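Notes follow once the structure below has been shown.
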Amino acid sequence: MTNVRVRFAPSPTGYLHIGGVRTALFNWLFARHHGGTFVLRIEDTDRARSTDEAIEAIVQGMRWVGLDWDEGPLRQTDRLDLYREKAKELLDQGKAYWCVCTPEELEVRRKEAQAKGESSKYDGRCRDKGITSPTGPAAMRFKSPQEGQTIVDDLIKGKIVFENTVLDDLIILRSNNYPTYNFSVVIDDALMNITHVIRGDDHVNNTPRQVPMFEAMGYQVPKFAHLPMILGSDKARLSKRHGATSVLAYQEMGYLPEALVNYLVRLGWSHGDQEIFTIQELIEKFSFENVQSSAAVFNHEKLQWLNAEYIKQGDPQHIATLLVPFLTQHGYDPNGPVQPQGGLEAVVPHVRERAKTLVEMADWFMPFITEPVTMDEAAAIKFLTPAIAPSLKKFAERMSVVDSLSKETLDPVIQSVLEEDGLKMGKFAQPLRVALTGRTFSPGIHEVMQLLGKDRTLHRINQAIQRIPS
RNA sequence: GUCCCCAUCGUCUAGCCUGGCCUAGGACGCCGGCCUUUCAAGCCGGCAACACGGGUUCAAAUCCCGUUGGGGACGCCA
């Protein structure tokens, strides 16, 4: 396939949601796979609901997940003259007409038709009025074919046949002189030479309305691929009540963009039994042949599992960088004096398999990035007892003279204390852990001491001993 | 209501086009065990699905028809 050109065309009426990202992702993958062009187009012809903030949120979301575009962002409101000109051409050619029915009248007729169980489509009463220059408010409608069939050969769903009798004379120009979606989308897809329209399932019914417009204006009709919907756990279309649907919310919840992308691509696409893909693999393997035609339920547990996998396998330095914003929320100062030995990336390998998100990981970092340690009182009462105090003290004294905190040098010290005091590792490790981290759970005790460094280790043990009632 | 789409474990899916290799495979989650200085991770094992009814065929998860169920669209929104 040569000169593949695709586009992602969101309307800026809110944040970029999960479904939108998946649509963008499939477009992007298809473009990259074929060495084609990916266009970002902002469909903002509804000036009442479109906002600049939403455009910014879309751009930010796209950047976060790493979907870069080759052209755009193009705004339809920058091209209004073009749509008006094309509408005029259709009018002049007798392929469109002025309609003076008011929105209120149309609303009433729709309701009546529905009540009678009839189709609620426009009855075409202005079609043959031949209005050339309306004096009051008027909208322009496209004359849809009323005979025959419109056949869409969808790349995912196969052949879909629509009887043209169900087609409506769509409004293409509103009475405020702004084009409607179904018109501007056709003009843009045609003039931007879009070869493949890849969009959500919810647009299948728009396709037979758009195809005749391409034909009426003599444009080549692009190929279509309609992606299955993403559903919530109750099988209803994914929406806010199912939890977070904004991409940026996933960033805040501590997900890695590559994990989200991997999860989203597997929602409707597969390559045998493989679950984890690099971006390069996705670009190589992506094809509509393997796209599911049925809807998929969004599953947070699996996303979380994938995120954990990416955290476990990722480059520690990369993860440490992504983690910084989460740590600063807890008072961490990247340039401050309280740092783990070896830097943040030294901690990552020891906490990564304990955290499913960066939010969780930040919590595991707490003992290493705060001073003094935050003590869990219940843990202190249970483990920092008068009985264990002498052993902790003995351990502190002996480890204060070792010259490294490696497992090899620390082990004999611990063993000597255990043997002399008749303790098992389990009885000694927990009090030590609580003394060092303020918690009953942490990475391995050796690692904790290494990350803390000798001075902080000794200080914390001594602080713990001091708070033990004698 | 009208039109369109869809239908394999709870969920994501492989298999379906090109019927036999399917006593239906993998993954998430769940349950049990192992490992163990905590918490995890890891390893091993288990539970769990072809929506239903008719055809076609020697043979159907796979092909055809119907039923049921689910989803989407019916705006001077996109």
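Nothing here was measured: the structure is a model prediction, and the numbers come from that model. Every heavy atom of this structure was used, including side-chain atoms; hydrogens, water molecules and symmetry mates were not. We name chains A, B, ... by the order of the sequence lines, and we start the count at 1 in each one.
Among the protein residues, A:Cys99 comes within range of no part of the nucleic acid, since none of its heavy atoms lies under 4.0 Å from any strand. Residue contacts shown for A:Arg352 are absent, as no nucleic acid heavy atom lies under 4.0 Å away. Base contact: A:Glu275 has a heavy atom under 4.0 Å from a base atom. Within 4.0 Å (heavy atoms only), A:Gly200 reaches no atom of the nucleic acid at all. The residue A:Asn206 sits close to a base: some heavy atom pair falls under 4.0 Å. Nucleic acid contact class of A:Pro10 (heavy atoms, under 4.0 Å, all strands): none. No engagement by A:His300 is indicated, since no non-hydrogen atom pair under 4.0 Å with the nucleic acid exists. Within 4.0 Å of A:Ile171, counting heavy atoms only, lies at least one base atom of the nucleic acid. Looking at heavy-atom distances under 4.0 Å, A:Gln304 makes no contact with the nucleic acid at all. Residue A:Ser442 is classed as a base contact, given a heavy-atom separation below 4.0 Å to a base. Residue A:His226 is out of contact with every strand shown, counting any heavy-atom pair closer than 4.0 Å. Heavy atoms of A:Tyr178 sit nowhere under 4.0 angstrom from any nucleic acid atom. No engagement by A:Arg439 is indicated, since no non-hydrogen atom pair under 4.0 Å with the nucleic acid exists.
Residue A:Lys235 places none of its side-chain N or O atoms closer than 4.0 Å to OP1 or OP2 of B:G69. For A:Arg266, no side-chain nitrogen or oxygen approaches OP1 or OP2 of B:C28 to under 4.0 Å.
Comparing A:His271 and A:Ile160 along RNA chain B, the residue whose closest nucleotide (by nearest heavy atom) sits nearer the 5' end is A:Ile160.
Looking at A:Ser144 and A:Pro212, their side chains never come closer than 4.5 Å, going by heavy atoms from C-beta outward.
Listed candidates were B:C39, B:G25, B:G1. Nearest to the side chain of A:Ser120 is B:G1.
The base-pairing partner of B:G53, taking Watson-Crick or G-U wobble contacts with both distances under 3.5 Å, is B:C65.
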Could you pull out the protein-nucleic contacts involving nucleotides 44-49 of chain B (nitrogen or oxygen on both sides, under 3.5 Å)?
none

